[in-house]
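Okay, structure first, notes after.
Just so it is clear: chains get the letters A, B, ... in the order the sequence lines come, proteins before strands, and each one is counted from 1.
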Amino acid sequence: MNIELYKYSVFGFRFKLMLLLSLVYTSCTKGSLNPGKVFVSSSTYTTLIDSVTVQFSTIKLDSFVTSSASSALIGHHEHALLGSQEVKSYFPLVAPSSFDWDDEEVLDSIVLRLVPNGYYLGDTTELFDLEVYPLFEEIETSDDGYLYNLHSFQYDESNSLGKKQFRPKPGKGSAIEVRLKDEFAREIVDFMQAYENHVDKITLFKERFNGVVLNCDRNTTNSVLGITLADSVPHVRLYSHKVSLEKETIIRDLNLEVSSRNFNQFINHDSDNDYSTIASGQDKLVETASNGLLALQAGSGYEIRVDFPYLNNLLEIKQLGHEVKAELHIRPNSKLSPWSELPDLVYISELDRINANRNPLLTSEETALSGTLYLDKVYNEETFYVFDVSDYLNYRLTESIVDTEKGLVFSLPSDDLVNSFASLIVNGSSFSNNASQLYIYYYYYDNQ
Amino acid sequence: MTINKTSFVFLFIICFSFYFKGEAQNSVSSPYSIFGVGVLEPKSDATNAGMGHTGIALSSDGYINTLNPASLSGLDSTTFLFNIQGKASFSKFETQLESQHNFDANLDAFQMAFKVNRNWGMSFSLQPFSSIGYNIYSEKYILGTMSTYPVEYIGEGGISQVSWSNGIRIAKGFSLGLSASFLWGNTDVIENSYYPSITGETITNSRSYKVNSLLLEYGFQYHQPIGSSVLSFGARINTESQLHNSYEHNISNDNGVQLLESSDGGADLFLPCSYGFGVALQFRDAWLFTGDYRYGNWSESQLNIGAGEYKDTHGASLGIQFTPQKNYYRSYFNQIKYRAGVFYNQNYFAINGINLDEKGVTFGATLPVKASKINIAYEYKQSGTMEGGLIKENYHNIKVGFTFNETWFRKSKFQ
């Protein structure tokens with residue numbers, strides 16, 4: 001009886017009906033409504049803070065490795081702001097592994113063959129005076145095995161091996177051949193004949209022929225050329241011939257050494273401009289001391305540093321909200337850095353008070369953070385780089401005591417640094433118009 | 001009888017748990033629920049709802065009248081009533097430019113009532129007091145720029161009400177009622193700020209409110225037989241009450257970083273005094289005419305309404321019920337009670353001076369199923385307006401209540 005009663009009560013039709021009723025939870029929506037501001041009343045707000053003062057300065061790398069570069073650079077140019085700048089390329093000569101000289105062979109000529117890599121800076125209407133000089137001393141690396149942008153080796157500027165004047169062509173173009181002195185060819189042939197069977201022939205060759213420096217006449221040249229470095233170029237080509245039944249031309253190539261011992265030397269000749277007053281890599285040339293203009297340049301090693309002297313002020317509003325976005329807008333000077341010459345890639349790193357301990361800022365994908373370049377090709381007024389420093393500033397604001405001596409530095413990719421004079425002249429925050437600036441989008445809480 | 005009680009308790013627990021489940025899943029109810037304590041839910045069950053939500057003067061004759069605790073003295077002394085009620089709502093929200101269609105179905109309420117003694121009826125009930133469910137998109141300016149950023153406002157939750165009601169007959173035809181209700185609720189109010197134009201972080205700003213309060217309601221009813229008819233009067237009054245409020249405040253970004261975490265007592269909310277009068281005429285046994293008037297002193301409320309202003313509310317309803325008396329057993333349709341009604345309610349706030357009154361028509365019926373009853377009410381309601389950027393709302397609501405009594409349990413005893 002009781003079992004029957006139980007079944008009826010709990011498993012009966014009406015019980016199931018009620019259970020079904022209590023299980024019905026359905027909801028769906030089709031379409032959308034944006035009734036807007038009448039409905040919402042929120043005390044949160046987001047504001048753009050563009051009044052956080054940042055201080056820009058130009059710094060200069062003490063030195064940087066230029067050996068084992070992927071290309072050679074030769075030339076001279078007058079930078080509108082940084083003055084006269086020159087680059088030379090040094091190469092050791094490689095002794096040929098075999099040199100079978102026939103007594104009936106007649107030496108004709110010797111040329112240096114260079115292949116442009118396409119990099120070019122300057123005016124293509126002007127002539128380029130390329131010069132080749134023999135070195136007086138052997139190229140030796142520093143103790144660390146590298147050669148740097150400031151290294152140099154002696155040569156006699158009054159005694160060139162050869163010169164060539166030509167009109168550079170933009171793009172890679174064909175090989176450039178510089179006729180060298182016949183005496184130089186004679187010396188090589190004589191040496192190789194004399195030491196052909198010497199066990200230490202290669203070392204003796206290096207000691208005898210220290211190498212060459214490729215240079216330009218900076219009085220007449222106002223352009224810079226990039227030269228391809230590969231296994232077989234550049235090289236010195238010896239032309240000779242033999243006459244038997246008919247004339248037979250013989251070609252021998254002696255490679256310029258592409259190794260840790262070839263390097264580019266960069267020279268700033270102008271000692272009168274503001275930027276040349278930067279005495280060491282630890283110094284800063286604040287923007288107010290350089291008319292509000294900042295220099296980032298490959299070759300010379302100039303870089304732009306930005307400091308946040310009033311970052312502590314943001315701590316005061318830290319409890320009131322959160323920074324949802326922080327952007328550094330870096331505005332190139334439209335006259336000194338027209339949009340067509342702007343570097344594609346500019347990286348940003350953190351550094352300390354003495355411009356050391358670099359720590360690259362990273363994206364969420366852990367790759368180096370670079371600026372996004374916006375181009376205004378028509379008016380060039382809204383051309384600028386944007387660097388997203390949101391994470392960086394949020395991280396800085398978590399410090400219990402904000403170290404205002406830490407800053408950020410904008411730099412060029414290392415390959416550009418040693419293989420070009422790529423430059424970016426930037427309007428500082430104190431510049432009269434189109435100034436670079438920090439923009440912080442700040443979300444204010446409703447925690448009152 | 002032991003088994004009956006077991007099944008009853010079992011059912012009660014199921015309903016109770018699903019009620020909370022439903023509360024947690026509260027979906028879109030109305031964009032207007034962003035204001036104040038949300039959209040106030042009518043107290044009436046499917047029986048009263050079918051008559052334009054009237055019933056202040058009606059006694060709990062065969063059903064549980066939730067509009068006036070004094071009605072409980074009219075319960076059948078041998079009856080143990082249980083009512084479970086579901087609600088389905090088809091709604092259309094319109095602005096000048098857009099429209100949105102919604103469908104919601106959930107458990108609405110349940111009640112049980114019984115007679116303690118010959119003059120004292122008692123009930124327990126669980127039903128919504130107000131509901132909050134909205135999803136609103138808007139835009140804000142980034143101050144200092146001409147740029148805007150989208151902000152999404154989401155509200156979920158509401159206030160529930162569990163009541164202990166008593167009606168005592170103190171003289172022939174005259175009853176007094178007292179109902180004590182505990183109000184509580186959880187509401188999540190979320191504001192998502194997106195920054196697509198600056199590819200900035202997304203900020204989620206959420207407050208989880210918890211409110212509770214004790215609400216007292218008094219009522220009386222007087223029934224005066226006039227020949228074969230009965231003229232009834234009733235009134236009820238809710239005293240004002242503080243709604244205690246506390247919240248947890250969380251702000252986080254889409255990188256999962258907790259930016260702010262706090263909790264606060266919050267400012268108490270104020271539920272104002274409200275009252276209502278009702279009159280009913282039971283004309284012979286076939287016709288029942290009812291009329292109610294309602295008033296809420298909401299202008300005294302301290303509720304936070306951004307663009308709005310509080311206002312006192314007036315509301316009125318008229319209802320009619322027809323019970324076929326002839327050939328009761330010959331046709332099932334003659335066993336059904338048929339109802340109809342109209343109602344008009346003012347909203348407790350206006351926005352930018354624009355009133356948001358609601359008006360509607362209702363139809364209802366009670367279908368006997370063996371010893372139980374299925375109560376159905378349909379309501380068509382319009383509220384709001386498209387003026388001033390506001391929203392006009394059209395609702396088709398269906399309430400289905402299932403009322404059974406002790407005879408249902410007892411019936412099994414005889415099998």
Fill in the blank from the handout: Separation between CG (A:Asp391) and CD (B:Glu201), nearest 0.5 Å, reads 7.0 Å
Handout entry: CG on B:Asn253 to OH on A:Tyr443, rounded to 0.5 Å
Key =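 Between atom OH of A:Tyr443 and atom CG of B:Asn253 there are 11.5 Å.
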Side chain, backbone, both or neither: which part of [X] has an atom under 4.5 Å from a heavy atom of chain A?
X        : answer
B:Tyr149 : side chain
B:Ser193 : side chain
B:Ile142 : both

Exercise for the section: Would you mind reporting whether A:Tyr439 and B:Ile198 have side-chain heavy atoms less than 4.5 Å apart? Expected result: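 Not touching, per the 4.5 Å side-chain cut-off.
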Heavy-atom proximity to chain B below 4.5 Å, by part of [X]:
X        : value
A:Glu327 : side chain
A:Asn394 : side chain
A:Tyr441 : side chain
A:Ser364 : neither

Practice task
Would you sort out whether A:Tyr445 and B:Leu259 count as a side chain to side chain contact (heavy atoms under 4.5 Å, CB included), showing the intermediate values?
Solution key: CA-CA 10 Å; A:Tyr445 302 153; B:Leu259 305 173; 3.2 Å; yes
Exercise for the section: Quick one: do A:His322 and B:Ile251 satisfy side chain to side chain contact (heavy atoms under 4.5 Å, CB included)? Show the steps, please. Expected result: CA-CA 10 Å; A:His322 176 70; B:Ile251 301 178; over 6 Å; no
Problem - Option that, when pairs with chain A are counted at under 4.5 Å, heavy atom only, ranks first among B:Gly144, B:Ala88, B:Ser99 - result: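 If we count pairs closer than 4.5 Å to chain A, B:Ser99 comes out on top.
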Exercise for the section: Search all heavy atoms of A:Tyr45 against all heavy atoms of B:Lys140 and return the closest pair with its distance. Expected result: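 Taking A:Tyr45 first and B:Lys140 second, the nearest heavy atoms are N-NZ, 4.4 Å.
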Exercise for the section: Please determine, among A:Thr44, A:Thr47, A:Thr46, A:Ile49, the option with the most heavy-atom pairs under 4.5 Å with chain B. Expected result: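 Winner by heavy-atom pair count: A:Thr46.
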Problem - Partner chain B: residue of A:Val324, A:Val386, A:Asp50 with the largest heavy-atom pair count (under 4.5 Å) - result: A:Val324
